[in-house]
J.: 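Supplied in structure tokens, the structure appears directly below.
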Protein chains: 4
Amino acid sequence: MRVKDEIKQDAVIEATVALVNEIGFVSSSVSKIAKRAGVSPATIYIYFKNKEDLLVSTYIQIKTCLAQAIMENFDANLPVRDALLQAGTNLYAYISSHSELFYFTEQFANSPYADLVNRDEIEIQFKPLFDLIQYGVDQKIIKDAPFELLFAHLYLPIFSLVNPRMHPDFKATPENIELSMNMAWDAIKL
Amino acid sequence: MRVKDEIKQDAVIEATVALVNEIGFVSSSVSKIAKRAGVSPATIYIYFKNKEDLLVSTYIQIKTCLAQAIMENFDANLPVRDALLQAGTNLYAYISSHSELFYFTEQFANSPYADLVNRDEIEIQFKPLFDLIQYGVDQKIIKDAPFELLFAHLYLPIFSLVNPRMHPDFKATPENIELSMNMAWDAIKL
Amino acid sequence: MRVKDEIKQDAVIEATVALVNEIGFVSSSVSKIAKRAGVSPATIYIYFKNKEDLLVSTYIQIKTCLAQAIMENFDANLPVRDALLQAGTNLYAYISSHSELFYFTEQFANSPYADLVNRDEIEIQFKPLFDLIQYGVDQKIIKDAPFELLFAHLYLPIFSLVNPRMHPDFKATPENIELSMNMAWDAIKL
Amino acid sequence: MRVKDEIKQDAVIEATVALVNEIGFVSSSVSKIAKRAGVSPATIYIYFKNKEDLLVSTYIQIKTCLAQAIMENFDANLPVRDALLQAGTNLYAYISSHSELFYFTEQFANSPYADLVNRDEIEIQFKPLFDLIQYGVDQKIIKDAPFELLFAHLYLPIFSLVNPRMHPDFKATPENIELSMNMAWDAIKL
DNA sequence: GATGAATGAGCCTTCATTCAT
DNA sequence: GATGAATGAAGGCTCATTCAT
């Protein structure tokens with residue numbers, strides 16, 4: 001028998017991302033994805049249980065890559081500020097150079113499919129970062145505010161700025177990114 | 001006669017918003033919207049050119065309402081900080097009490113339909129607010145950063161925090177909102 | 001608006017019967033039925049909830065016609081023998097001249113769809129005949145056996161003989177039918 | 001090796017019968033049969049030319065078993081009546097204890113596949129019984145009617161009564177079976 | 001021999017839209 | 001203006017069968 005071809009599975013996921021970028025989440029049908037991936041529609045159902053599974057798997061895979069990129073060279077021994085801002089810079093770098101992945105996640109996250117993913121599975125990858133924020137709070141370096149609040153002010157502006165659909169006029173130059181990270185820090189520092 | 005028209009048109013828009021909330025953007029078909037609005041599918045095509053027009057119109061109407069809510073009692077004569085934070089508070093208040101409208105816009109904005117709306121038409125409503133930010137920069141009250149950057153740090157955290165899909169654990173209490181606005185101000189103030 | 005077209009609904013049912021005769025129950029798809037009826041597949045779903053509904057409705061309609069044909073000129077005042085045999089003759093006459101309807105019901109009855117029909121709805125049409133059999137038992141004209149047994153020996157042989165698929169060599173001449181009815185009577189008479 | 005073959009082949013046939021009983025002829029696909037039999041779909045095509053061949057083979061195998069069961073201990077030297085009724089009793093006994101086989105044949109016989117089987121191959125197994133009927137006719141013990149007619153009145157009622165789908169209210173007790181066989185004999189005896 | 005991967009065709013159903021009243 | 005009927009195209013998915021190991 002033939003062996004399951006991981007290359008083929010990846011091709012399907014890549015085609016999914018590409019197609020969603022081109023024609024949007026709503027219009028991306030299984031057969032179009034299959035055509036783009038160069039496989040039969042039926043083949044997709046060998047690798048994924050159904051359309052939902054395909055989309056959720058694609059999302060989780062992207063999010064996992066993103067998490068790894070953000071947490072790369074994360075060093076809790078650095079000064080809190082430096083460690084946190086490094087993550088933001090990583091975030092910017094990754095999204096900038098993988099905008100098509102980013103588009104997919106944005107469309108996915110704002111769809112009912114989003115309710116199907118296990119958030120914990122993703123968030124656990126940021127544990128060291130979360131711990132560091134808490135440490136900053138404990139050390140009275142960071143404001144004593146709910147975690148979600150701190151996180152939102154730290155990373156959401158950059159997360160949004162990097163999205164051309166939301167900010168078509170923004171130029172994500174290194175200078176601007178640095179500016180943004182400084183502003184983020186000003187927001188949360190005590 | 002005129003009155004009757006608008007009632008029916010509004011019913012369709014309301015049904016659109018409600019349905020997108022319930023079953024999502026992807027699954028909301030014209031016939032389902034018609035059924036929910038209590039009209040014939042054909043009737044929708046009297047008021048809207050096609051499905052795209054219906055969705056875009058719904059989006060613009062919501063965004064217009066949102067803009068009005070934000071800019072309500074906006075007073076450029078107040079201290080810059082107070083005026084800007086007031087807008088943020090308005091934003092929070094409106095979204096909190098109209099979450100179904102908010103969900104629609106989030107799904108819409110992350111779809112290819114978003115590219116069809118004239119952004120200027122919406123942004124012009126915020127002109128006074130934008131001008132005030134620029135004034136703050138000129139007066140060296142606010143950091144000298146690109147406008148998009150300032151705007152993002154001012155309002156995006158709250159815009160995201162208020163979305164339960166993104167922050168299911170966040171409690172949008174008045175205290176937290178005030179905290180958030182203060183952090184936003186710390187981010188942009190000089 | 002257009003008015004619902006009963007002619008169209010009948011065309012669909014007729015096409016269903018015809019197609020099942022030609023290619024069998026298993027191969028009769030909704031789109032083939034639509035093509036045969038000269039309508040769009042989608043049109044079928046205006047008149048029937050789904051494929052199951054189409055098949056069940058077709059079945060019930062045929063069974064109703066069959067019941068009417070059998071019970072036509074049924075006369076409980078005739079001698080029991082004559083009245084019961086008349087029904088058998090009617091059965092034979094109807095099936096012979098509507099074999100395509102008969103084929104459909106045979107295929108339907110031996111499929112899981114059969115479990116979906118309300119048997120009572122059909123059987124009630126034979127009430128007078130059932131009553132007469134009971135009367136025959138009470139009058140000691142007919143054997144004192146369970147109703148199902150009497151019924152089976154009265155009408156099942158002819159029901160089967162008339163089916164070319166089961167009895168390709170049998171010639172359903174009037175003489176043979178009369179012979180069969182006499183044998184049926186011999187079976188049940190006291 | 002040879003043994004293993006037949007085990008697998010039988011497993012497939014058993015799975016076919018079981019599945020048809022559970023979900024019906026229409027819904028029984030090759031892959032589902034394979035899964036139920038614990039083999040690969042491809043394996044089925046080693047033992048059977050195609051789906052049609054699988055179904056027809058299954059049918060013939062069942063019919064052969066049924067024929068053997070009916071003709072077991074058939075004794076042409078007994079009085080005609082006794083010999084014929086014994087076969088009926090055997091028929092009842094076999095079907096009662098192998099209802100799942102019976103269901104399959106009913107669904108198969110009322111499908112286009114039925115036209116593909118060589119009837120002679122099956123009927124030849126009943127030769128002694130057929131001969132005995134003819135003998136009864138010649139000896140003026142049995143009515144002088146076409147063979148099909150005699151056969152239908154002898155065995156079809158019981159064949160139908162034993163089918164719960166057709167007679168859900170009938171209790172196939174030994175007493176009822178004896179009653180039925182007597183009625184059958186009354187129908188055909190001179 | 002035996003397998004699971006692979007497939008184009010087809011399944012049932014719903015889509016966005018238009019027609020006729 | 002307003003409607004439900006009507007539709008070809010497309011939706012997600014499974015089919016019977018073959019391929020490559």
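First the proteins, then the strands, lettered A, B, ... as listed; each starts at 1. Remember, predicted model here, so these are calculated numbers, not experimental data. In what follows, every heavy atom counts, from backbone to side chain, and hydrogens, waters and symmetry copies are set aside.
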J.: Measure CD/Glu6(B) against P/dA2(F) and give the value in whole Å, please.
T.: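 Atom CD in Glu6(B) sits about 12 Å away from atom P in dA2(F).
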J.: Can you pull out the residues from residues 45-58 of chain C that lie within a 4.0 Å heavy-atom distance of DNA chain E?
T.: Tyr45(C), Asn50(C), Lys51(C)
J.: Hey, would you say the Phe25(D) and Phe25(C) ring centroids sit under 6.0 Å apart?
T.: no
J.: What residues form a side chain to side chain contact (heavy atoms under 4.5 Å, CB included) with Ile60(C), not counting sequence neighbours?
T.: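 Applying side chain to side chain contact (heavy atoms under 4.5 Å, CB included) to Ile60(C) gives Val56(C), Thr64(C), Glu121(C).
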J.: Within the 4.0 Å heavy-atom criterion, would you say Val30(D) contacts the bases, only the backbone, or no part of the nucleic acid?
T.: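 Val30(D): base contact, heavy atoms under 4.0 Å.
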J.: Nearest-nucleotide wise, let me know which of Ser31(D) and Ser28(A) is further upstream toward the 5' end of DNA chain F.
T.: Ser28(A)
J.: Please report the distance, rounded to the nearest Å, between NZ in Lys35(A) and C1' in dT7(E).
T.: 14 Å
J.: What pairs with Asp53(B) under side-chain hydrogen bond (donor to acceptor under 3.5 Å, both in side chains), at least two apart in sequence or on another chain?
T.: Ser57(B)
J.: Between Ser29(A) and dA10(F), is there a side-chain N or O to OP1/OP2 distance below 4.0 Å?
T.: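 No, outside the criterion.
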J.: List in numerical order all residues of residues 37-44 of chain D for which some heavy atom is under 4.0 Å away from an atom belonging to DNA chain E.
T.: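 Residues of residues 37-44 of chain D under 4.0 Å from DNA chain E: Val39(D), Ser40(D), Ala42(D), Thr43(D).
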J.: Which residue pairs satisfy the salt bridge (charged side-chain N to carboxylate O under 4.0 Å, His left out) criterion with at least one member in residues 102-114 of chain D, sequence neighbours excluded?
T.: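 Sorted result for residues 102-114 of chain D: empty, none.
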J.: Return each pair, listed once, that meets salt bridge (charged side-chain N to carboxylate O under 4.0 Å, His left out) where at least one residue sits in residues 19-28 of chain C; pairs must be two or more places apart or across chains.
T.: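 Qualifying pairs: Glu22(C)-Arg36(C).
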J.: Grab the NZ-C1' distance between Lys8(A) and dA6(E) for me, whole Å please.
T.: 6 Å
J.: Got a sec, which residues hit side chain to side chain contact (heavy atoms under 4.5 Å, CB included) with Thr58(B), two or more places apart in sequence or on another chain?
T.: Ile13(B), Thr16(B), Val17(B), Leu54(B), Ile62(B), Phe104(B)
J.: Test of understanding: with side-chain hydrogen bond (donor to acceptor under 3.5 Å, both in side chains), list the residues that count as partners of Ser29(C), not counting sequence neighbours.
T.: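 Result, side-chain hydrogen bond (donor to acceptor under 3.5 Å, both in side chains) vs Ser29(C): Ser31(C).
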J.: Output every pair passing side-chain hydrogen bond (donor to acceptor under 3.5 Å, both in side chains) with a member in residues 39-52 of chain C, not counting sequence neighbours, ordered by first then second residue.
T.: none
J.: Of all heavy-atom pairs between Gly24(A) and Pro112(B), which one has the smallest distance, and what is that distance?
T.: CA-CG, 3.3 Å
J.: Within the 4.0 Å heavy-atom criterion, would you say Lys32(B) contacts the bases, only the backbone, or no part of the nucleic acid?
T.: sugar-phosphate
J.: How close or far is atom C1' of dA10(F) from atom CD1 of Ile23(A), stated in whole angstroms?
T.: 12 Å
J.: How would you list, by chain and number, every residue that makes a side-chain hydrogen bond (donor to acceptor under 3.5 Å, both in side chains) with Asp115(D), sequence neighbours excluded?
T.: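 Counting only residues at least two positions away or on another chain, Asp115(D) forms a side-chain hydrogen bond (donor to acceptor under 3.5 Å, both in side chains) with Arg165(C).
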J.: How would you list all residue pairs meeting salt bridge (charged side-chain N to carboxylate O under 4.0 Å, His left out) that involve residues 9-20 of chain D, not counting sequence neighbours?
T.: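 As it turns out, there is no salt bridge (charged side-chain N to carboxylate O under 4.0 Å, His left out) pair with a partner in residues 9-20 of chain D once direct neighbours are skipped.
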J.: Write down the distance between CD1 (Ile33(D)) and P (dT3(E)), rounded to a whole number of angstrom.
T.: 16 Å
J.: In dot-bracket form, 5' to 3', how is DNA chain E paired? Count Watson-Crick and G-U wobble pairs only if both distances fall under 3.5 Å, and write | where the partner sits on another strand.
T.: .||||||||||||||||||||
